[in-house]
Amino acid sequence: MQDSQNSQDSQNSQGSRDRILARIRAAVAGAPEVPVTRSYRHRVPPPAGGTPGEAVELFAERVADYRAVVHVVESARAAEVISGALARRGARRVVVPGGLPEEWARAVGAHPGGEAVPDDPPLSAAELDALDGVVTGCAAGIAETGTIVLDAGPGQGRRALTLVPDYHLCLVRAGQIVPGVPEAIAALDPLRPLTWISGPSATSDIELDRVEGVHGPRTLEVVILR
């Protein structure tokens, strides 16, 4: 009896939908074609952060707004900043993805007790959770939104590496920072597994109580290399 009732309800729902769609089609029959505005794809004038220097400054500001730790340093200081950040964090065993620049990988183990743990063979979720953090590069940074984009390319690793450990240290080259989302979309390969990161993992319940580290790293530290 219940199955018969469910079937009847489904038929009624389908019939109602068909009637609504038929009325919509009848109402717009013969209406002129309206051009669809695509100005959001290419903005003129460019958004704030349109020049390289402005982009770096705005990106650093927006990333900090998300409660991430931000450093803006010269590229030559990358290894020094990596080692110092991990030492302050007390991060000893840190996973490094394949393709991470050798200088950066060496810096992971440069502080006392530091050890760079390769993801080869791939570490299990439990093994990743037991580590103190991860160090990666990125595919792009978006100044307007303070977003970092990973595409699993060299130096970034698979998605689990930046979702399971509680601490993520990410290095962003100034040349990878674009003004806005349209520019990032144009530069990225949509066929790659893209991960968009805007600050540390955080969520809020209906009472607006913020909880961090629910579905990703509790702490995000970003090093912008000029």
Side-chain angles (χ1 to χ4, degrees), residues 63-64 66-71 73 75 77-142 146-173 176 188-205 209-225:
V63 173
Y66 288 121
R67 302 188 188 180
V69 180
V70 183
H71 310 269
V73 301
S75 296
R77 294 189 55 212
E80 170 195 342
V81 174
I82 292 171
S83 180
L86 295 179
R88 286 191 300 274
R89 171 78 182 179
R92 295 179 178 273
R93 301 185 68 243
V94 176
V95 62
V96 293
L100 192 73
E102 186 61 32
E103 179 189 11
W104 299 359
R106 285 198 304 269
V108 171
H111 65 287
E115 177 188 355
V117 181
D119 185 40
D120 184 22
L123 301 169
S124 68
E127 289 172 323
L128 289 172
D129 189 47
L131 297 176
D132 295 317
V134 58
V135 174
T136 75
C138 73
I142 304 174
T147 301
I148 296 167
V149 186
L150 308 180
D151 68 359
Q156 299 169 58
R158 56 198 173 97
R159 185 169 288 159
L161 297 191
T162 54
L163 291 180
V164 179
D166 200 46
Y167 170 72
H168 181 192
L169 176 61
C170 184
L171 290 97
V172 183
R173 301 183 190 276
Q176 294 177 305
L188 295 165
D189 182 352
L191 298 180
R192 297 193 64 82
L194 302 178
T195 301
W196 300 64
I197 302 171
S198 296
S201 167
T203 190
S204 297
D205 61 17
D209 291 326
R210 180 182 172 96
V211 179
E212 298 178 346
V214 175
H215 41 63
R218 192 185 314 271
T219 303
L220 174 67
E221 191 158 0
V222 179
V223 181
I224 303 170
L225 303 174

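These numbers come from the heavy atoms of this one structure, side chains and all, not from hydrogens, waters or symmetry mates.
- When all heavy atoms of A79 and A107 are compared, the pair lying nearest together is O-CB, 3.4 Å.
- At a threshold of 4.5 Å between non-hydrogen side-chain atoms, the residues I142 and V149 count as touching.
- At a threshold of 4.5 Å between non-hydrogen side-chain atoms, the residues W104 and V96 do not count as touching.
- Taking all atoms of both residues into account, the shortest heavy-atom contact from D132 to G90 is OD2-O, 4.3 Å.
- Contact check for L161 versus D119: side-chain heavy atoms found under the 4.5 Å cut-off.
- Residues V134 and V164 form no side-chain contact, since every pair of their non-hydrogen atoms from C-beta on lies 4.5 Å or further apart.
- L150 has its side chain within reach of T162: a pair of non-hydrogen atoms, C-beta onward, lies under 4.5 Å apart.
- Closest heavy-atom contact between L123 and L131: CD1-CD1, 3.9 Å.
- No more than 12 heavy atoms of other residues, nucleotides or ligands shown are found within 6.0 angstrom of CZ on R92.
- The heavy-atom pair separating I224 from V70 by the smallest distance is CD1-CG1, 4.0 Å.
- Nearest heavy-atom pair, P165 versus L128, reported as atom, atom and distance to 0.1 Å: CG-O, 4.0 Å.
- Of the residues Q156, R159, R158, the one that meets the side-chain hydrogen bond (donor to acceptor under 3.5 Å, both in side chains) test with T195 is R159.
- Counting only heavy atoms from C-beta outward, the side chains of E127 and V117 never approach each other to under 4.5 Å.
- Counting heavy atoms from C-beta on, the side chains of L188 and W196 come closer than 4.5 Å.
- In terms of heavy-atom proximity, G137 sits nearest to L100 at N-CD1, 4.0 Å.
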